[in-house]
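The figures that follow rest on heavy atoms only: side chains count, while hydrogens, waters and symmetry mates do not.
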Amino acid sequence: MKVRFTTSDGSHVDAEAEPGDNLLRVAQAVGMPLEGTCEGQMACSTCHVVVDAEWFDRLPEASEEEEDMLDLAAGVRRTSRLSCQILLTADMDGLSVAIPAESHDMSR
């Protein structure tokens, strides 16, 4: 399955993924600047992405804990999610997300 990332400069990076993959790990594997400091424990917001509007309502709803962490993220929009909380399924083939301009991976 494919996932499309749109970078802050408007370029696109397509990634191959498998059902069950975590969106954060897929993004990191193709060089997206998502730090994921807490390694998916939902204790930070450094993996914040903006899901394309056409996909947002097709994803499982964010938990209250995820919503709380998004309150701390820079550049949050209505369709923002934490990529560590999105487990890919076969029906998400073609998922498209944007990397906020505010994203910086300090580990690189």
Measure the spacing between [atom1] of [X] and [atom2] of [Y] and express it to the nearest 0.5 Å.
X: Glu35; Y: Leu24; atom1: CD; atom2: CG; answer: 10.5 Å
X: Leu34; Y: Ser45; atom1: CG; atom2: OG; answer: 11.0 Å
X: Glu61; Y: Gln85; atom1: CD; atom2: CD; answer: 14.0 Å
X: Met69; Y: Gln41; atom1: CE; atom2: CD; answer: 12.0 Å
X: Met1; Y: Thr89; atom1: CE; atom2: OG1; answer: 6.0 Å
X: Leu82; Y: Glu67; atom1: CG; atom2: CD; answer: 9.0 Å

Same cluster (ILVMFWY, side-chain, under 4.5 Å), [X] and [Y]:
X: Val30; Y: Leu88; answer: yes
X: Leu59; Y: Met32; answer: yes
X: Val97; Y: Leu70; answer: no
X: Leu72; Y: Val49; answer: no
X: Val26; Y: Val13; answer: yes

Taking all atoms of both residues into account, what is the closest heavy-atom pair of [X] and [Y], and its distance?
X: Ala43; Y: Cys38; result: N-SG, 3.3 Å
X: Arg78; Y: Phe56; result: O-CZ, 3.6 Å
X: Met92; Y: Pro60; result: CE-CD, 4.0 Å
X: Ala101; Y: Ser8; result: CA-CB, 3.5 Å
X: Gly75; Y: Ser80; result: O-OG, 4.4 Å
X: Phe5; Y: Leu23; result: CZ-CD1, 3.8 Å

Answer whether the closest heavy-atom distance between the side chains of Leu87 and Asn22 falls below 4.5 Å. yes

Validation row: His48, Pro100 side chains within 4.5 angstrom (heavy atoms): yes

Apply the hydrophobic cluster definition, ILVMFWY joined by side-chain contacts under 4.5 Å directly or through others, and give me every member besides Val76. none

Look at the side chain of [X] and the backbone N and O of [Y], then say whether any donor-acceptor pair between them is shorter than 3.5 Å.
X: Thr6; Y: Gly10; result: no
X: Asp52; Y: Glu54; result: no
X: Asp21; Y: Glu18; result: yes
X: Thr79; Y: Val51; result: yes

Salt bridge (Lys or Arg N to Asp or Glu O under 4.0 Å) between Asp14 and Arg4, worked out: CA-CA 4 Å; Asp14 291 329; Arg4 172 166 275 193; 2.8 Å; yes

